[in-house]
Amino acid sequence: MNILAQTEETLKQEIAAAVINANLAAEEEIPDIILEKPKDKAHGDFASNIAMQLARIAKKAPRQIADEIVKSLDQSKASIDKVEIAGPGFINFFTKNDFLGELIPTIMTAGEAYGKTNTGNGEKIQVEFVSVNPTGDLHLGHARGAAFGDVLCNVLDTAGYDVEREYYINDAGNQIDNLALSVEARYLQALNKDAAMPEDGYHGSDIIEIGKTLALEYGDKWVNMEREERLAFFKEYGLDFELGKIKKDLADFGVAFDSWFSERSLYKEDKVTNALKTLEDGGYIYEKDGATWFRSTDFGDDKDRVLIKQDGTYTYLTPDIAYHQNKLERGFDKVINVWGADHHGYIPRMRAAIQALGYSRDKFEVKIIQMVNLFENGEKLRMSKRTGKAVALRELMEEVGVDAVRYFFVTRSNDSQLDFDLNLARSQSNDNPVFYVQYAHARICTMLKQAVEKGFAAEEKYDASLLTAEKEIDLLKKLGEFPQMIADAAEKHTPHKVTQYVFDLASLLHSFYNAEKVLDQGNPELTKARIALMKAVRITIANGLKLIGVTAPEKM
RNA sequence: GUCCCAGUAGCUCAGCUGGAUAGAGCAACAGCCUUCUAAGCUGUGGGUCGCAGGUUCGAAUCCUGCCUGGGACGCCA
C-alpha cells in the first residue's frame with residue numbers, strides 16, 4: 001500500500017547490513033538509521049547521516065566510512081539507481097523511479113481509501129473537544145478548536161487509530177443555575193415585570209429570545225408558580241435551547257460527535273463520590289479551613305486544589321476528575337483534550353488528578369489552541385459589528401463559508417496565534433489558498449470530462465513508464481508521500497500538515513498543467529498515461545480536502 | 001513573582017525527536033492567454049532564524065540566562 005515507506009524500510013535494512021559487512025560497527029552499536037528526504041533534489045530521494053554518526057564508533061573519517069558503506073551496499077535489493085557521497089559525509093540515494101508507476105494503480109484502486117495506513121495499530125484514542133458550556137453561542141476560539149479537533153480526529157482515523165469524538169456537556173453546576181436565573185429574569189421582563197439579571201447572568205440576545213418565547217408560549221403561567229419549580233423548568237428549557245443551537249452550529253460546520261457526555265450522568269451514577277473516594281483511598285485528600293483539598297502538589301502542581309468548598313458544593317475540578325476517571329475506565333489508551341489557551345493553567349492539576357487516580361500521566365494529553373484574531377481591511381476586529389459581542393461561528397460561516405473557515409483554522413499550528421483575515425477568506429482570487437487548492441481539483445475534473453468527450457475512454461490501459469517529464473515525476477513523488485504525511489500528522493497531532501500538503505500538491509498540479517498538455521490527440525499513449533496521473537492527483541486532492549472538511553468542487 | 005505559548009524575509013507563517021546553500025504564500029519588480037479554466041504559470045530581489053552564553057564534528061532546532069508580545073495564575077467555570 002505505502003510504496004514509499006516500503007522502499008525506505010528496505011533501504012534502512014540494507015544500510016545496516018552494509019555497515020556490518022564493512023566491519024564498521026557491530027550490530028548492537030548501529031544507531032537508529034535515519035533517512036531524511038532532502039529539500040534539495042540534487043541530494044537525492046533519501047539521505048543518510050549514518051557515516052557521521054559512526055565516526056566515533058568506527059574511529060574513521062565520515063567520508064571514508066560513507067565510502068565503505070556504499071561499496072558494501074547491495075544496490076539491487078534496495079532498488080537504488082545511484083548513490084553519491086556529499087558534504088561532510090552524507091550518503092545520498094537516488095531511487096529508481098519505476099516504482100512510481102505502481103502508484104497510479106494503487107491510488108486508483110484505493111480511491112477514497114488512499115492515504116489510509118495502519119500506523120495507529122487500532123490504538124484507542126478519545127478526543128474531547130469544543131465542550132462549550134450550553135449558555136451561549138459558539139465563538140471564534142471555539143470554532144478553531146472545533147476545526148482542529150475534527151481534523152485531528154480525521155487524521156487519526158485515517159492513520160489507523162480507533163478514534164472517538166466526545167463533547168462534554170456542562171449541564172450541572174453553577175453556570176446552569178445561572179442560566180436558569182437569567183432565563184427567569186428575561187421571561188419576567190418579557191411580561192413587563194420588574195426583574196433584575198443575576199450578577200453573573202448571561203446577557204446574550206439568545207436569552208432574551210428565550211424569555212420572549214416563553215412569555216409567548218406560556219403567558220404568565222410561570223409567574224405565580226413555586227420558584228423552585230419555575231427555575232427547574234427554565235433550566236431544562238434553556239439548556240435544550242442552547243444545546244440545540246450548539247449542535248446545529250456544529251453540524252453545519254461539519255463536525256459530528258460520536259458521543260455527547262452529560263455531566264449530570266456523573267452525579268446520577270455516583271461517579272463524583274466514587275472519584276473522591278479513589279483519591280481519599282490513595283491518601284491525596286485532606287481537610288483545611290472547612291474545605292476538602294486535593295494534594296495535587298504530590299504530582300508537581302504548584303499548589304493544592306480545593307475539591308469541596310466551605311459551602312459544601314464542589315469546585316469545577318471535582319466533577320471533571322470524575323469525568324476523566326470515567327473516560328479512562330472506558331478503556332482508552334489515550335485521552336486528548338482540546339482546550340483554549342485560557343485553560344492552560346488547568347493542565348497541571350488535571351494531570352495530577354490522572355496520576356492520583358492511578359493512571360500513567362501520558363494517557364492524558366492536552367492540545368492548547370491559541371487565540372484567534374479577526375482582521376478586516378487591515379484592522380483588528382475586537383467584537384462583532386452586528387452584535388457588539390464576540391464574533392460567533394454562525395456569523396463567520398455566513399460571512400465567508402464553511403470551507404474557508406475550516407481551511408484557515410487548520411492552516412496554522414495549534415500553538416501559534418492565528419490571524420483570520422476576513423477579506424482574504426472572502427476573496428475569490430489566487431491569494432486565497434482555499435480556492436487555489438479547489439481550483440486544482442476543478443481543473444482536473446474539467447480535463448477528465450473533456451478526455452471522455454475526445455474519446456479517451458476511461459477504462460483504457462496506459463503505460464505509466466511514459467511519465468518521465470520532471471513535473472510528472474514531481475507529482476508522482478508527492479502523491480506517494482500522502483499516506484506517510486497523514487501518519488506523521490496523526491502521530492504528532494499536527495493536522496496543519498494536511499493543509500500544507502494539499503497546497504503543495506495543488507501547486508505542483510498547476511505547474512504541470514502550464515508546462516505540459518494532457519489531452520494530445522497526436523500522442524494517445526502519453527495522453528492515456530497523463531489522464532491516469534490526473535485521476536490519481538484528483539483522488540489525492542479530494543481525499544486531502546475531505547480530511548480538512550473542505551469540499552472538492554468539480555467546476556468553479 | 002511563578003507557569004504556558006510565540007518571537008524565522010516588508011506582512012502572515014512552515015521548518016524545531018540537531019545535519020548540506022533556512023522554505024512557502026502575500027506584498028514588490030519583470031515576463032506568459034489564436035493551445036485542456038490566467039481563480040493559473042515562470043523568473044528576480046528580499047534573512048545577524050529576538051539577544052547572549054553553552055553542549056556538539058555540526059544548532060533556527062537541545063540546555064541556561066535575559067528581552068519583547070500574548071495568555072494563565074479563584075473555595076469561578
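In what follows, every chain begins at residue 1, and chains take the letters A, B, ... in the order their sequences are listed.
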Colleague: Between A59(B) and G54(B), how many Å separate the two C1' atoms, rounded to a whole number?
Modeller: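 After rounding to an integer number of Å, I get 11 Å for this pair.
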Colleague: Just call it for Lys492(A): base, sugar-phosphate, or nothing, with non-hydrogen atoms closer than 4.0 Å on any strand.
Modeller: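 Touches a base.
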Colleague: For C33(B) and G23(B), measure between their P atoms and round to the nearest Å.
Modeller: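 One P to the other, the span is 31 Å.
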Colleague: What is the nucleic acid contact for Ser427(A), judged by heavy atoms within less than 4.0 Å: base, sugar-phosphate only, or nothing?
Modeller: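 Since no nucleic acid heavy atom lies under 4.0 Å of Ser427(A), the category is nothing.
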Colleague: Tell me which of Ser511(A) and Asn49(A) sits closer to the 5' end of RNA chain B, going by the nucleotide each one is nearest to.
Modeller: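 Counting from the 5' end, the first nearest nucleotide belongs to Asn49(A).
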Colleague: Give the rounded distance in Å between these two atoms: CG of Leu54(A) and P of U56(B).
Modeller: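 So the two atoms are 19 Å apart, to the nearest Å.
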Colleague: Does a salt bridge link Lys327(A) with Glu166(A), judged by any charged N lying under 4.0 Å from a carboxylate O?
Modeller: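 No, this pair does not count.
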Colleague: So, using ring-ring contact (aromatic ring centres under 6.0 Å, His included) as the criterion, who are the partners of Tyr284(A) when residues are at least two apart?
Modeller: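 Tyr284(A): ring-ring contact (aromatic ring centres under 6.0 Å, His included) contacts with Phe299(A).
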Colleague: Can you tell me, in whole Å, how much space there is between the C1' of A20(B) and that of C3(B)?
Modeller: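 Nearest-Å result for A20(B) against C3(B) at atom C1': 38 Å.
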Colleague: May I have the distance from Gln521(A) (atom CD) to U35(B) (atom C1'), rounded to whole angstrom?
Modeller: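 These atoms are roughly 13 Å apart.
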Colleague: With a 4.0 Å cutoff (strictly under), does any side-chain N or O of His510(A) reach OP1 or OP2 of A39(B)?
Modeller: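 False: His510(A) side-chain N/O out of range (4.0 Å or more) of A39(B) OP1/OP2.
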Colleague: Check this for me: Lys309(A), atom NZ, are more than 12 non-hydrogen atoms of other residues, nucleotides or ligands nearer than 6.0 Å?
Modeller: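 Atom NZ in Lys309(A) is packed in, count exceeds 12.
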Colleague: With sequence neighbours excluded, what pairs up with Phe93(A) under the ring-ring contact (aromatic ring centres under 6.0 Å, His included) test?
Modeller: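 Phe93(A) satisfies ring-ring contact (aromatic ring centres under 6.0 Å, His included) with no other residue.
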Colleague: Apply side-chain hydrogen bond (donor to acceptor under 3.5 Å, both in side chains) to Lys334(A) and list each qualifying residue two or more places apart in sequence or on a separate chain.
Modeller: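 Listed in chain order: Glu365(A).
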Colleague: Roughly how many Å is it from CG in Asp419(A) to P in G7(B), rounded to a whole number?
Modeller: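 Asp419(A) atom CG is separated from G7(B) atom P by 13 Å.
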Colleague: How many Å lie between CE on Met556(A) and P on C36(B), as a whole number?
Modeller: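 One finds 18 Å between P of C36(B) and CE of Met556(A), rounded.
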Colleague: Tell me whether the OP1 or OP2 atom of A14(B) has a side-chain N or O from Ser416(A) closer than 4.0 Å.
Modeller: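 For A14(B), OP1/OP2 do have a side-chain N/O of Ser416(A) under 4.0 Å.
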Colleague: Can you list the residues that meet the ring-ring contact (aromatic ring centres under 6.0 Å, His included) rule with Phe420(A), with sequence neighbours excluded?
Modeller: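 Applying ring-ring contact (aromatic ring centres under 6.0 Å, His included) to Phe420(A) gives Phe408(A), Phe409(A).
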Colleague: For U34(B) and U21(B), measure between their C1' atoms and round to the nearest Å.
Modeller: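 To the nearest whole Å, 43 Å.
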Colleague: Looking at every strand, decide which applies to Ala440(A) at a 4.0 Å heavy-atom threshold: base, sugar-phosphate, or nothing.
Modeller: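 Since no nucleic acid heavy atom lies under 4.0 Å of Ala440(A), the category is nothing.
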Colleague: At 4.0 Å (heavy atoms only), tell me whether Met52(A) reaches a base, stays on the sugar-phosphate, or touches nothing.
Modeller: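 Answer is base: heavy atoms of Met52(A) come under 4.0 Å of a base.
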Colleague: For C33(B), does the O4'-C1'-N9-C4 (purine) or O4'-C1'-N1-C2 (pyrimidine) torsion place it in syn, i.e. within 90° of 0, or in anti?
Modeller: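 It is syn.
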Colleague: Who are the salt bridge (Lys or Arg N to Asp or Glu O under 4.0 Å) partners of Asp171(A), not counting sequence neighbours?
Modeller: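 Asp171(A) satisfies salt bridge (Lys or Arg N to Asp or Glu O under 4.0 Å) with no other residue.
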Colleague: Dot-bracket for RNA chain B, 5' to 3', with Watson-Crick and G-U pairs under 3.5 Å, [ ] for crossing pairs and | for other-strand pairs: what is it?
Modeller: ((((((((.[[[[.)...(...]]]].(((((.......))))).....[[[[[..)....]]]]])))))))....
Colleague: If only side-chain N and O atoms of Tyr513(A) are considered, is one of them under 4.0 Å from the OP1 or OP2 phosphate oxygen of A39(B)?
Modeller: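 Negative; the distance criterion is not met.
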Colleague: Using the ring centroid of each side chain, check whether Tyr501(A) and Phe482(A) are separated by less than 6.0 Å.
Modeller: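 Yes - the distance between ring centres of Tyr501(A) and Phe482(A) falls below the 6.0 Å cut-off.
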Colleague: Between C62(B) and A30(B), how far is it from one C1' atom to the other, in whole Å?
Modeller: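 To the nearest whole Å, 44 Å.
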Colleague: Can you give one letter per nucleotide of nucleotides 20-25 of chain B, going 5' to 3': B for a protein heavy atom under 4.0 Å from the base, S for sugar-phosphate only, - for none?
Modeller: B---SS
Colleague: Whole angstrom is fine here: how far is it from CD in Glu516(A) over to P in U42(B)?
Modeller: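 Taking atom P of U42(B) as the reference, CD of Glu516(A) is at 12 Å.
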Colleague: Step through it carefully: locate the ring centre of Phe90(A), locate the ring centre of His43(A), and say whether they are under 6.0 Å apart.
Modeller: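 Aromatic pair excluded; centres sit 6.0 Å or further apart.
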Colleague: Please give the distance between the P atoms of G43(B) and A24(B) as a whole number of Å.
Modeller: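 Straight-line distance between the two P atoms is 10 Å.
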Colleague: Can you run down the side-chain hydrogen bond (donor to acceptor under 3.5 Å, both in side chains) pairs that involve residues 511-522 of chain A, sequence neighbours left out, and say none if there aren't any?
Modeller: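 Residue pairs with at least one partner in residues 511-522 of chain A: Lys471(A)-Ser511(A), Glu516(A)-Arg530(A).
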Colleague: Within the 4.0 Å limit for protein heavy atoms, which parts of nucleotides 72-77 of chain B are touched? Write it as a string from 5' to 3', B for base, S for sugar-phosphate only, - for none.
Modeller: SSSBSB
Colleague: Among residues at least two apart in sequence or on other chains, which ones pass salt bridge (Lys or Arg N to Asp or Glu O under 4.0 Å) with Asp137(A)?
Modeller: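 Residues passing salt bridge (Lys or Arg N to Asp or Glu O under 4.0 Å) with Asp137(A): Lys245(A).
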Colleague: Check ring-ring contact (aromatic ring centres under 6.0 Å, His included) between Phe503(A) and all other residues, then give those that pass, not counting sequence neighbours.
Modeller: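 If we apply the ring-ring contact (aromatic ring centres under 6.0 Å, His included) test to Phe503(A), skipping adjacent residues, the hits are Tyr436(A).
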Colleague: Could you tell me which residues satisfy salt bridge (Lys or Arg N to Asp or Glu O under 4.0 Å) with Asp200(A), sequence neighbours excluded, listed by chain and number?
Modeller: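 Not a single residue meets the salt bridge (Lys or Arg N to Asp or Glu O under 4.0 Å) criterion with Asp200(A).
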Colleague: Check the distance between G71(B)'s C1' and Leu418(A)'s CG and give it to me in whole angstrom.
Modeller: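 To the nearest whole Å, that distance equals 16 Å.
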Colleague: Before we go on, tell me: are the rings of Tyr323(A) and Tyr168(A) under 6.0 Å apart, centre to centre?
Modeller: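 Yes, they do, as the ring centres are separated by less than 6.0 Å.
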Colleague: Write down the distance separating the P atoms in G7(B) and U44(B), rounded off to the nearest Å.
Modeller: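 About 28 Å, rounded to a whole number of Å.
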Colleague: Rounded off to whole Å, could you give me the NZ-to-P distance for the Lys471(A) and C41(B) pair?
Modeller: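 That distance rounds to 10 Å.
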Colleague: Rounded to whole angstrom, note down the P distance from U2(B) over to A9(B).
Modeller: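 U2(B) and A9(B) have their P atoms separated by 29 Å.
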Colleague: Atom CG of Asn414(A) and atom C1' of A6(B): how far apart are they, to the nearest Å?
Modeller: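 Atom CG in Asn414(A) sits about 12 Å away from atom C1' in A6(B).
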